[in-house]
Amino acid sequence: MSELLPFAQRPIPAAAGIGLRAPHIERVLTERPPVPWFEVHSENYFGAGGAMHAALSRIRADYPLSLHGVGLSLGSADGLDLQHLATLRRLVDRYQPALVSDHICWGEIGGVHLNDLLPLPCTQEALDLMVSRVQQVQDALGREFLVENVSSYLSFRHAQMPESAFVAELVRRSGCGLLLDVNNVYVNSVNHDFDPLEYLRAMPHASVREIHLAGFTRKDQLPVPLLIDSHSRPVAEEVWSLYEEALALCGPTPTLIEWDQDIPELEVLLAEAGRAEEKLHACRAAIA
Amino acid sequence: MPAAPRLHELQQGFADAVLGRGDAVAAWVDGAGLEPVARLRIYRNTVANTLTAALRESYPAVLALVGDDFFDVMAERYRLAHPSTCGNLQHFGSALAGFIEGMPEAQTLGYLADVARLDWLRQLTALSADAEPVDAARSAAAAVVEPESLRIGLHPSLHLLRSAYPVLTLWQWCQAPSGAAPGMDGGGEQVLLWRDGGDVAMALLDPATFRCIEMLAGRHSVASAWAAATAVDDEFDLEPCLRDLLAQGLIVAFIDEESST
């Protein structure tokens, strides 16, 4: 099969990578910047062929790669979309990424997709469903899968546990890895008025395989503070501080800079990754 | 207070709120200092913006022709009439051309649906599977097969569009719209799309050549394609048509029906 390219195993190092988006692909191909690893959105490569795949094959040959999904809709009360899962499986077989992930959320009901990372109620029912879905995905892919905590702008009255307990229990029971989005923890701590450090302490630190960092925007002129996970700005100072706490708890962990709206020059992302790298270095030094 | 909703009921209610079909689910949303519906509205706006952005990306020439305001109104109506049915947004706009044909405001813009078709085919062309062109030895072997029993496998990226309007000329004008838009008096155009390296390429075809490739793409024999093209134009010459397809790497298989049955 010509599709099964013989890629060497390239584990993701405990270093700061960046999310590779379309505007930067050409420069990465020609300049080969010294980025320790890249992550791409899985669904952007769901097409069968063409230039996107040609580029990703070249990048995968030279850099460790992580596939990060936004469309699996793990937490939908309807069953998983098996066609989506099969396409993901083919993509995983093709590129043999070091990490594969999606979100703790839902996005489809009754055949209608809302194409967003929608919040689950933190109930026993939703937890049980997520555990079985993550196990189904890990069985289908034949490998460890990572789930990411999402930002949310509302919570449900009938929640039965805090979000941190929901996430920790999901990871423990399903045996998956955790993609800890530190920005999302901070955004939710403001939106839902909890202590972000307490949240971090409640995480299963040995299962954290990757950390995400991104920028949020602030909704003004509301009676309560509200942050939106816009991925359109530099990482906020409060999030950098929380990232240091996360590293202290988890140890040096692969870290990704995400930027999806108003995407700046590659240098801006490299500078953000450089700042994360400094904190990773400090973390390593503290351990040594 | 009624019993807490099961997950399916909650998600259905949430989807209703996001799609503007009613806010009953707000009863289960913790307002925490805001109206619950205000919190739901954040999601409603995000979903709308994401889907509209996906259409803008898929339909750049339509956007250039109609402008932001018209496009956004069209996008809103489209996403309510044709909700997304896939976790992959690359499929979301598949029905837009037909939807445009049904829009009262677009009745005087007959060409718009075909420009949308061309935008969409460009996306399909870009994302189509890769395939290896046939080599010289295969071509030489095919040359001695009777046209009646020879079929041609075309590259998956090859697409065709026949329009009663000058659709490619319009599309090209949209890339740098300035001055007067192209007139509609020149008649229709037939467009061939394919992937050349990584880029989407397009070319105008004469009606007979278009008919020939259309027949080949429909898995008809070379003889049938030739006959159909000759019916359009009795001067049609098969050889340059096949030679061009070969030269562009668009022939990926020769299928000899005699030897394969």
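Chain letters run A, B, ... following the sequence lines, proteins first and then strands; every chain starts at 1.
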Problem set entry | CZ/B/Arg56: more than 12 non-hydrogen atoms of other groups inside 6.0 Å | yes
Problem set entry | Whether over 12 other heavy atoms sit under 6.0 Å from A/Gln160 CD | yes
For this session: Go through the atoms of A/Asn191 and report whether side chain, backbone, both or neither lie under 4.5 Å from a heavy atom of chain B.
Result: backbone
Exercise. Given that the side chain runs from C-beta out, which part of B/Arg6 has a heavy atom under 4.5 Å from chain A: side chain, backbone, both or neither?
Worked result: both
Seminar exercise, completed: Assert top hit (heavy-atom pairs under 4.5 Å, partner chain A, pool B/Val18, B/Thr46, B/Asp30, B/Leu19) equals B/Asp30
For this session: Determine the minimum heavy-atom distance between B/Asp130 and A/Gly50, stating which atoms define it.
Result: OD1-N, 3.0 Å
Exercise. Which pair of heavy atoms, one from B/Leu10 and one from A/Pro121, lies closest together, and at what distance?
Worked result: CD2-CG, 3.6 Å
Problem set entry | Crowding at CG, B/Asp69 (>12 non-hydrogen neighbours, <6.0 Å) | no
For this session: Check whether any side-chain heavy atom of B/Ile42 sits under 4.5 Å from a side-chain heavy atom of A/Leu226, and report yes or no.
Result: yes
Problem set entry | Heavy-atom proximity to chain B below 4.5 Å, by part of A/Ser155 | both
Problem set entry | CG on B/Asn49 to CG on A/Asp116, rounded to 0.5 Å | 10.0 Å
Seminar exercise, completed: Only one of A/Asp78, A/Ile109, A/Asp128, A/Leu120 passes side-chain contact (heavy atoms from CB on, under 4.5 Å) with B/Leu7, and that residue is A/Leu120
For this session: Look up atom CG in B/Leu89 and atom NE2 in A/His41, then write down how far apart they are to the nearest 0.5 Å.
Result: 11.5 Å
Exercise. Quick check: are there more than 12 heavy atoms from other residues, nucleotides or ligands sitting under 6.0 Å from CZ of A/Arg218?
Worked result: no
Problem set entry | A/His113 side chain to B/Gly87 backbone, donor-acceptor under 3.5 Å | yes
For this session: Mind running side chain to side chain contact (heavy atoms under 4.5 Å, CB included) on B/Val29 and A/Phe156 for me, showing each step along the way?
Result: CA-CA 5 Å; B/Val29 171; A/Phe156 295 99; 4.2 Å; yes
Exercise. How close do A/Tyr153 and B/Tyr43 get, heavy atom to heavy atom, and via which atoms?
Worked result: N-OH, 2.9 Å
For this session: Give a yes or no on this: more than 12 heavy atoms of other residues, nucleotides or ligands lie within 6.0 Å of atom CD of A/Glu31.
Result: yes
For this session: Determine whether more than 12 heavy atoms belonging to other residues, nucleotides or ligands lie under 6.0 Å from atom CZ of A/Arg32.
Result: yes
For this session: Determine the option with the most heavy-atom pairs under 4.5 angstrom with chain A, choosing from B/Ala54, B/Gly198, B/Ala129, B/Ala48.
Result: B/Ala129
Exercise. Given a strict heavy-atom distance threshold of 4.5 Å, which part of B/Pro5 is in contact with chain A: side chain, backbone, both, or neither?
Worked result: both
For this session: For A/Ala77 and B/His8, work out which heavy atoms get closest and say how close.
Result: CB-CA, 3.5 Å
Exercise. So, for B/Ala15 and A/Trp106, which heavy atoms are closest and what is the spacing to 0.1 Å?
Worked result: N-CH2, 4.3 Å
Exercise. Measuring heavy-atom distances to chain B, does A/Leu88 have an atom under 4.5 Å in its side chain, in its backbone, in both, or in neither?
Worked result: neither
For this session: Determine the option with the most heavy-atom pairs under 4.5 angstrom with chain B, choosing from A/Ala54, A/Ser76, A/Gly69, A/Ser73.
Result: A/Ser76
For this session: Say whether, by atom type as modelled, one donor and one acceptor occur between the side chain of A/Gln83 and the main chain of B/Cys86 under 3.5 angstrom.
Result: no
Problem set entry | Spacing of B/Gln90 atom CD and A/Met52 atom CE [to the nearest 0.5 Å] | 7.0 Å
Exercise. Above 12 or not: heavy atoms from other molecules or residues under 6.0 Å from CD of B/Gln172?
Worked result: yes
Seminar exercise, completed: When the 4.5 angstrom heavy-atom criterion is applied to A/Ser152 and chain B, the contacting part is both
For this session: Nearest 0.5 Å please: distance from the CG atom of B/Leu34 over to the CG atom of A/Leu154.
Result: 10.5 Å
Seminar exercise, completed: Okay, A/Ile228 and chain B: the region with an atom under 4.5 Å from a heavy atom over there is side chain
Exercise. Take atom CD in B/Glu132; do more than 12 heavy atoms of anything else shown fall under 6.0 Å from it?
Worked result: no
Exercise. Between atom CZ of B/Arg44 and atom CG of A/Leu114, what is the distance when rounded to the nearest 0.5 Å?
Worked result: 12.0 Å
Exercise. Would you say the side chains of A/Asn115 and B/Thr50 form a donor-acceptor pair under 3.5 Å?
Worked result: no
